> 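The structure that follows is given in the form of structure tokens.
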Amino acid sequence: MNLTVTDVRLTPILVADPPLLNTQGVHQPYTPRLIVEVVTADGITGVGETYGDTKYLELARPFAAKLIGRPVSDLNGLFTLAEDVVVDGSRVSDQVDVGGLRGVQTADKLRLSVVSGFEVACLDALGKALGLPVHALLGGKVRDAVEYSAYLFYRWAEHPAGVAAERDDWGAAVDPAGVVAQARTFTQRYGFTSFKLKGGVFPPDEEIAAVRALAEAFPGHPLRLDPNGAWSVETSLKVAEELADVLEYLEDPALGTPAMAEVAAGTGVPLATNMCVTTFAEIKEAFARDAVQVVLSDHHYWGGLRNTQQLAAICRTFGVGVSMHSNTHLGISLAAMTHVAATVPNLHHACDSHYPWQAEDVLTERLRFEDGKVAVPDEPGLGVELDRDRLRFLHQRWLDDDGTLRERDDAAAMRVADPDWVTPAVPRW
């Protein structure tokens with residue numbers, strides 16, 4: 001068995017995205033993703049997926065070149081390798097960028113997001129070579145299916161007039177009735193029994209009314225609200241008080257650990273985050289100040305599946321809950337999420353997933369939700385197979401784009417509908 005990496009293929013793609021609203025604006029009609037393929041000397045191919053914006057591609061390309069000739073099993077070496085990659089004459093560790101909905105984005109976070117796609121591809125290839133599912137490589141599953149939550153969004157029925165976009169049958173959701181109707185559709189199609197609403201879009205009283213409507217329509221079901229740090233401490237406490245009897249947790253109501261700590265001190269509603277704790281270095285302050293009670297892991301943020309397990313172990317040590325955040329991902333990432341979630345004993349909250357919103361995929365067969373859960377694959381590797389015709393089609397869309405859609409920019413997408421739109425200052429309310 002020869003596990004040496006002989007080829008790495010990077011395929012940036014554009015996939016259709018609905019007009020989902022958040023505090024920064026609206027999703028663009030297409031979003032960039034990067035598909036990673038790692039090929040061994042024995043002809044085994046492993047697949048991974050991560051963000052496809054230019055800043056990720058600029059790191060992924062030289063990283064891929066350095067991977068040639070290394071054993072696919074050298075997972076720890078991926079992190080050292082990434083530190084040595086030079087882009088535009090400087091090491092990535094010297095570069096800093098500021099992100100939006102994932103909080104401040106440092107160079108280290110960018111590096112980890114790229115490494116995550118390669119780590120998943122290597123695990124997939126290694127599992128195929130050994131005849132083992134990825135969850136077995138991670139120590140074995142503790143559950144046969146992973147529960148996911150319906151990810152509700154305020155949304156328009158379609159993208160602005162004149163914008164080339166794919167259409168769907170979901171319709172608009174801009175008020176409590178629309179949110180409840182959307183939740184019913186999620187339940188009918190996928191069997192979800194818990195619901196998360198992306199907030200920070202309308203004034204808090206309107207979003208309180210939407211959560212109340214969900215509680216009335218689905219009594220006893222877990223509910224979450226996530227305004228992406230759009231509220232002040234005072235507003236956060238008001239919302240927490242109003243919804244204390246129905247919320248499973250309130251996610252990132254205020255921006256940053258100090259503000260979250262203030263909110264946590266003033267309410268008994270658990271606070272979750274995927275914004276103020278996204279690296280190991282951010283854990284100490286947040287846990288010491290009791291700023292968060294649930295960490296929403298994202299293997300793209302944290303550098304892969306094994307780092308996700310380490311995070312879960314730390315959370316268990318400190319009595320902090322753990323679940324899983326979702327970005328606009330395809331089936332490869334959902335499979336990876338499901339494998340690692342299956343190995344985490346202290347996963348007591350349903351995970352997030354955008355996947356039902358993504359009508360397009362690069363797999364020969366879409367993963368399915370049954371009773372709100374995804375069955376854990378037991379086939380070697382991730383248990384998924386690339387559809388090369390679809391991959392080629394979505395890559396051609398990326399090639400045909402003039403560069404406008406190769407960077408996710410929710411504010412720019414909103415300005416198509418409202419030319420005067422400016423990303424709101426935080427706190428927004």
Side-chain angles (χ1 to χ4, degrees), residues 12-34 50-57 97-103 105 113 151-175 178-179 182 196-203 206-207 226-230 252 255 274-275 300 325-330 333 352-361 394-426 428-429:
I13 61 176
L14 287 176
V15 295
D17 211 7
L20 308 178
L21 299 168
N22 56 49
T23 193
Q24 291 198 332
V26 63
H27 287 206
Q28 293 169 301
Y30 300 98
T31 195
R33 298 296 286 178
L34 175 63
T50 190
Y51 301 94
D53 307 67
T54 300
K55 58 190 173 185
Y56 300 97
L57 287 173
D97 182 39
V98 177
L101 297 180
R102 61 182 292 187
Q105 187 181 65
S113 294
Y151 204 156
L152 310 179
F153 278 82
Y154 290 108
R155 58 159 290 165
W156 298 329
E158 56 188 33
H159 286 280
V163 173
E166 312 302 315
R167 295 192 175 189
D168 61 34
D169 62 352
W170 284 88
V174 293
D175 55 23
V179 169
Q182 186 182 107
K196 168 178 166 176
L197 175 62
K198 177 66 73 178
V201 177
F202 296 112
E206 295 184 36
E207 297 184 354
D226 171 21
N228 280 126
D252 287 309
L255 190 62
N274 75 281
M275 295 181 71
H300 305 88
H325 165 261
S326 165
N327 57 60
T328 308
H329 63 81
L330 301 180
S333 282
D352 295 339
S353 177
H354 279 74
Y355 192 63
W357 289 115
Q358 312 313 135
E360 297 181 321
D361 205 345
L394 298 176
H395 178 55
Q396 188 61 50
R397 182 186 286 158
W398 184 88
L399 291 172
D400 292 341
D401 179 63
D402 62 3
T404 304
L405 299 174
R406 293 184 183 181
E407 317 293 335
R408 175 166 171 181
D409 190 336
D410 295 347
M414 180 64 87
R415 283 193 289 272
V416 175
D418 178 3
D420 296 326
W421 176 263
V422 176
T423 302
V426 177
R428 188 174 180 181
W429 287 284

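Computed from a predicted model, the values in this text were never measured in an experiment. For this chain, numbers begin at 1 and follow the sequence in order.
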> To the nearest 0.5 Å, what is the distance between CD on Gln358 and CG on Asp17?
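Reported value, rounded in 0.5 Å steps: 5.0 Å.
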> Could you walk me through whether Val174 and Phe202 pass the side-chain contact (heavy atoms from CB on, under 4.5 Å) check?
CA-CA 9 Å; Val174 293; Phe202 296 112; 4.2 Å; yes
> Taking the basic N atoms (NZ, or NE/NH1/NH2) and the acidic carboxylate oxygens, is any pair closer than 4.0 Å for Glu166 and Arg397?
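Arg397 and Glu166: salt-bridged.
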> Mind listing the closest non-hydrogen atom pair of Gly229 and Val426 along with its distance?
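It is O-CG1, 2.9 Å.
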> So, taking the atom named CG in Leu330 and the one named CG in Asp361, what distance separates them when rounded to the nearest 0.5 Å?
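Going from CG on Leu330 over to CG on Asp361, the span is 5.0 Å.
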> Please confirm whether His354 and Phe153 have ring centers closer than 6.0 angstrom.
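Yes, close enough.
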> Measure from the side-chain N and O atoms of Arg406 to the backbone N and O of Trp398, and report whether any donor-acceptor pair falls under 3.5 Å.
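Side chain of Arg406 to backbone of Trp398: a pair is present.
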> Is there a donor-acceptor pair closer than 3.5 Å between any side-chain N or O of Glu207 and the backbone N or O of Val201?
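Here the side-chain-to-backbone pair exists.
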> Measuring from atom CD of Glu407 to atom CD of Gln28, what distance do you get when rounded to the nearest 0.5 angstrom?
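With rounding to 0.5 Å, CD (Glu407) is 9.0 Å from CD (Gln28).
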> Within this structure, what is the CZ-CG distance for the pair Arg155 and Asn22, rounded to the nearest 0.5 Å?
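Here the rounded value is 13.5 Å.
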> Closer than 3.5 angstrom, by distance alone: can the side chain of Asp252 be matched with the main-chain N or O of Asn274 as a donor-acceptor pair?
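Checking the backbone N and O of Asn274 against the side chain of Asp252, a donor-acceptor pair under 3.5 Å is found.
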> List the atom of Asp401, the atom of Thr404, and the distance in Å for their closest heavy-atom pair.
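Answer, listing the atom of Asp401 first, then Thr404: OD2-N, 3.2 Å.
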> Side chains of Trp429 and Pro203: does their closest heavy-atom pair fall under 4.5 Å?
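They are in contact (side-chain heavy atoms under 4.5 Å apart), so the answer is yes.
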> Roughly how far, to the nearest 0.5 Å, is CG of Asp400 from NE2 of His395?
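Answer for the NE2-CG pair, His395 versus Asp400, is 9.5 Å.
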> Measuring only between side-chain heavy atoms, which start at C-beta, is Gln182 closer than 4.5 Å to Leu197?
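The answer is no, as the side chains (C-beta and beyond) never meet within the 4.5 Å cut-off.
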> Checking side-chain contact (heavy atoms from CB on, under 4.5 Å) for the pair Tyr154/Lys198: CA distance, chi angles, key distance, verdict?
CA-CA 7 Å; Tyr154 290 108; Lys198 177 66 73 178; over 6 Å; no
> Looking only at non-hydrogen atoms, find the nearest pair between Pro19 and Glu158 and report the distance.
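Minimum heavy-atom separation between Pro19 and Glu158: CG-C, 3.6 Å.
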> If you compare all heavy atoms of Ala164 against all heavy atoms of Pro29, which two are closest, and at what distance to 0.1 Å?
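Here Ala164 and Pro29 meet closest at O-CB, 3.6 Å.
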> Side-chain contact, heavy-atom cut-off 4.5 Å: Leu20 with Trp357?
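SC-SC contact between Leu20 and Trp357 confirmed.
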> Quick one: does Val26's side chain get under 4.5 Å of Asp410's, heavy atoms only?
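With C-beta onward as the side chain, the pair stays apart.
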> Please confirm whether the backbone N or O of His300 pairs with a side-chain atom of Ser113, one donor and one acceptor, at under 3.5 Å?
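Confirmed, Ser113 side chain pairs with His300 backbone.
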> May I ask you to decide if Gly200's main-chain N or O and Arg428's side chain share a donor-acceptor pair within less than 3.5 Å?
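Indeed, once roles are kept as given, a pair shorter than 3.5 Å links the two residues.
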> Of all heavy-atom pairs between Leu394 and Val15, which one has the smallest distance, and what is that distance?
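Where Leu394 meets Val15 most closely, the heavy atoms are CD1-CG1, 3.7 Å.
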> Minimum heavy-atom separation for Thr328 and Arg408, please, with both atom names.
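Scanning both residues, the minimum pair turns out to be OG1-NH1, 3.6 Å.
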> I'd like to know whether Asp226 forms a side-chain contact (heavy atoms from CB on, under 4.5 Å) with Asp352, so could you lay out the CA-CA distance, the side-chain angles of the two residues, the decisive distance to 0.1 Å, and finally the verdict.
CA-CA 12 Å; Asp226 171 21; Asp352 295 339; over 6 Å; no
> Looking at NE2 of His325 and CE of Met275, how far apart are the two atoms once the value is rounded to the nearest 0.5 Å?
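One gets 9.0 Å once the value is rounded to the nearest 0.5 Å.
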> Asp53 side chain to Tyr56 main-chain N or O, any donor-acceptor pair under 3.5 Å?
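Not at all, since once roles are kept as given, no pair shorter than 3.5 Å links the two residues.
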> Do any side-chain atoms of residues 413-423 form donor-acceptor pairs under 3.5 angstrom with protein atoms, and if so which ones, sequence neighbours left out?
| unit_1 | atom_1 | unit_2 | atom_2 | d |
| --- | --- | --- | --- | --- |
| Asp418 | OD1 | Asp420 | N | 3.1 |
| Trp421 | NE1 | Gln24 | O | 3.0 |

